[in-house]
Number of protein chains: 2
Amino acid sequence: MEDNNKLAGFFKAIAHPTRINIIKTIYEKNICVNDISKELNINQPNTSQHLAILKNHNLLIKTKKGNEACYKIKDEGIIKLIQEAEKLVEKLEK
Amino acid sequence: MEDNNKLAGFFKAIAHPTRINIIKTIYEKNICVNDISKELNINQPNTSQHLAILKNHNLLIKTKKGNEACYKIKDEGIIKLIQEAEKLVEKLEK
DNA sequence: ATTTTTTATTATTATATATTTATATACTAA
DNA sequence: TTAGTATATAAATATATAATAATAAAAAAT
């Protein structure tokens with residue numbers, strides 16, 4: 001039952017359209033904050049904040065190159081989980 | 001991208017410890033509000049509210065017997081998804 | 001008919017999350 | 001060293017979610 005808190009925290013981390021978008025966008029990439037910000041058309045601080053939330057839940061890995069910060073998916077399991085959730089949502093609608 | 005809103009809404013629906021608990025508890029049962037309320041030790045209005053959220057996201061099916069309302073899991077896919085999420089969270093911690 | 005039981009809804013208050021704006025830090029380049 | 005670029009953090013505001021308490025609605029039992 002206490003584990004439900006941890007799990008709920010994980011779901012909360014991905015329960016945001018922008019963060020789902022970030023995960024999908026950086027999949028198979030190692031991409032820096034500025035490029036994510038431009039590509040998704042969200043401002044820099046908000047981008048950093050969402051990235052921090054995902055990183056804090058161990059979904060992303062951060063590396064630094066000079067003054068740039070690059071992020072990538074830690075484990076592709078999150079991609080699979082999102083895909084399965086998408087299928088389930090479709091199925092549940094019927 | 002618009003689909004991310006729908007998906008985020010789905011994750012939000014399950015991103016709460018009590019609601020995860022409800023899903024796990026009523027799995028393979030058809031159980032009325034009062035019994036859920038007692039079993040999980042949450043008050044009746046709060047129980048009804050959480051059930052309504054899950055039902056609104058098509059996760060539960062509601063039936064009425066006399067003056068009782070019974071709820072059951074609509075599709076066991078949600079159980080599988082939760083189990084996979086639990087495994088993933090464990091894996092990500094390492 | 002009235003009371004009891006069960007559930008749902010509404011209103012209130014409390015708490016959490018999100019977005020924007022401003023500021024700070026770190027590194028690079030001139 | 002100063003100016004520029006990239007990122008993070010903090011503060012302020014707005015919005016959303018949650019929990020409790022109060023009320024309403026529906027059916028059952030007396």
Side-chain angles (χ1 to χ4, degrees), chain A residues 1-2 4-23 25-26 29-74, chain B residues 1-2 4-23 25-26 29-74:
Chain A
M1 171 53 181
E2 273 312 307
N4 289 342
N5 286 296
K6 194 198 283 186
L7 186 57
F10 165 80
F11 281 130
K12 260 201 242 186
I14 57 176
H16 192 290
T18 298
R19 290 196 289 273
I20 293 173
N21 208 10
I22 288 174
I23 292 170
T25 300
I26 76 182
K29 293 181 192 164
N30 188 33
I31 181 173
C32 74
V33 179
N34 229 338
D35 291 339
I36 299 170
S37 179
K38 282 178 203 152
E39 191 160 336
L40 303 191
N41 199 35
I42 33 184
N43 63 46
Q44 178 271 313
N46 203 8
T47 305
S48 281
Q49 285 161 349
H50 284 304
L51 287 168
I53 289 168
L54 294 172
K55 182 176 167 296
N56 289 340
H57 284 84
N58 307 308
L59 286 161
L60 302 183
I61 289 175
K62 174 186 181 178
T63 51
K64 296 214 65 171
K65 281 192 200 174
N67 59 351
E68 291 185 332
C70 295
Y71 288 85
K72 64 178 177 186
I73 297 288
K74 179 171 178 184
Chain B
M1 171 54 179
E2 273 312 306
N4 289 341
N5 286 297
K6 195 199 282 185
L7 186 58
F10 166 79
F11 281 130
K12 260 200 243 185
I14 58 177
H16 192 291
T18 298
R19 289 197 289 272
I20 293 173
N21 209 8
I22 288 175
I23 292 169
T25 300
I26 76 182
K29 292 182 192 164
N30 189 33
I31 182 173
C32 74
V33 179
N34 230 337
D35 291 340
I36 300 170
S37 177
K38 281 178 205 154
E39 191 160 338
L40 303 191
N41 199 35
I42 33 184
N43 62 46
Q44 177 271 313
N46 203 8
T47 306
S48 280
Q49 285 164 348
H50 284 303
L51 287 169
I53 289 168
L54 293 172
K55 183 178 166 295
N56 288 340
H57 283 85
N58 306 309
L59 286 162
L60 302 182
I61 289 175
K62 175 185 180 179
T63 50
K64 295 214 63 171
K65 281 192 199 174
N67 59 351
E68 291 186 331
C70 296
Y71 287 85
K72 64 178 177 186
I73 297 288
K74 179 172 180 183

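When reading the values below, keep in mind they use all heavy atoms of this one structure, side chains included, and skip hydrogens, waters and symmetry mates. Residue numbering restarts at 1 for every chain, and letters A, B, ... go by the order of the sequence lines. These numbers were taken from a predicted model, which means no experiment stands behind them.
- For B:E68 and C:dA8, the CD to P distance is 11 Å, given to the nearest whole Å.
- With distances taken from any side-chain atom of B:A69 to the nucleotides D:dA8, D:dA16, C:dT7, the minimum falls on C:dT7.
- Spacing between atom CD1 of B:I22 and atom P of C:dT7 amounts to 13 Å, rounded to whole angstrom units.
- Atoms CG and NE2, on A:L7 and B:H16 in that order, are 13.0 Å from each other to the nearest 0.5 Å.
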Taking distance alone, no hydrogens or angles, what donor-acceptor pairs closer than 3.5 Å link side-chain atoms of residues 54-69 of chain B to residues at least two apart or in another chain?
| residue | atom | partner | partner atom | Å |
| --- | --- | --- | --- | --- |
| B:N56 | ND2 | B:A52 | O | 3.2 |
| B:H57 | ND1 | B:I53 | O | 3.1 |
| B:H57 | NE2 | B:G9 | O | 3.4 |

Any chance you could lay out the side-chain contact (heavy atoms from CB on, under 4.5 Å) test for B:I20 and A:F11, step after step, and finish with the verdict?
CA-CA 10 Å; B:I20 293 173; A:F11 281 130; 4.1 Å; yes
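- Helix bend of the helix from C:dA1-D:dT30 to C:dA30-D:dT1: the angle between its two end axes, each built from five pairs, comes to 10° after rounding to 10°.
- For A:K62, the listed nucleotide lying nearest its side chain is D:dA8; candidates were D:dA8, C:dT7, D:dA18.
- OP1 and OP2 of C:dT15 both lie 4.0 Å or more from every side-chain N or O belonging to B:H16.
- For the pair B:H50 and D:dA18, the criterion of a side-chain N or O lying under 4.0 Å from OP1 or OP2 is not met.
- Without hydrogens or angle criteria, B:T25 side chain to B:N21 main chain gives a donor-acceptor distance under 3.5 Å.
- The side chain of A:Y71 approaches D:dA8 more closely than any other nucleotide in the set D:dA8, C:dA8, D:dT17.
- One interatomic measurement links the two molecules: CD1 of A:I20 to P of C:dA18, which rounds to 12 Å at whole-angstrom precision.
- One distance of note links CD1 of A:I22 with CG of B:N4; it measures 10.5 Å at 0.5 Å rounding.
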Between protein and nucleotides 20-30 of chain D, map the contacts as a letter string: B base, S sugar-phosphate only, - none, heavy atoms under 4.0 Å, written 5' to 3'.
BBB----SS--
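- Taking both residues in full, the closest heavy atoms of A:N30 and A:C70 are given as OD1-CB, 3.6 Å, listed atom of the first, atom of the second, then distance.
- The separation between B:N34 atom CG and C:dT7 atom P is 5 Å, rounded to whole Å.
- As a whole-Å value, the separation of B:K12 NZ from D:dT15 P is 14 Å.
- The CD1 atom of B:I26 sits 4.5 Å away from the CD1 atom of B:I73 when rounded to the nearest 0.5 Å.
- Shown for residues 52-59 of chain B: no residue has heavy atoms falling under 4.0 angstrom of DNA chain C.
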Atom pairs and distances, donor-acceptor, side-chain atoms in residues 38-50 of chain A, under 3.5 Å, two or more places apart:
| residue | atom | partner | partner atom | Å |
| --- | --- | --- | --- | --- |
| A:N43 | OD1 | A:N46 | N | 2.9 |
| A:Q44 | NE2 | A:S48 | OG | 3.2 |
| A:N46 | OD1 | A:H50 | NE2 | 3.3 |
| A:T47 | OG1 | A:I42 | O | 3.4 |
| A:T47 | OG1 | A:N43 | O | 2.7 |
| A:H50 | ND1 | A:R19 | NH1 | 3.0 |

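- Look at CG on A:L60: it is 14 Å from P on D:dT7, rounded to the nearest Å.
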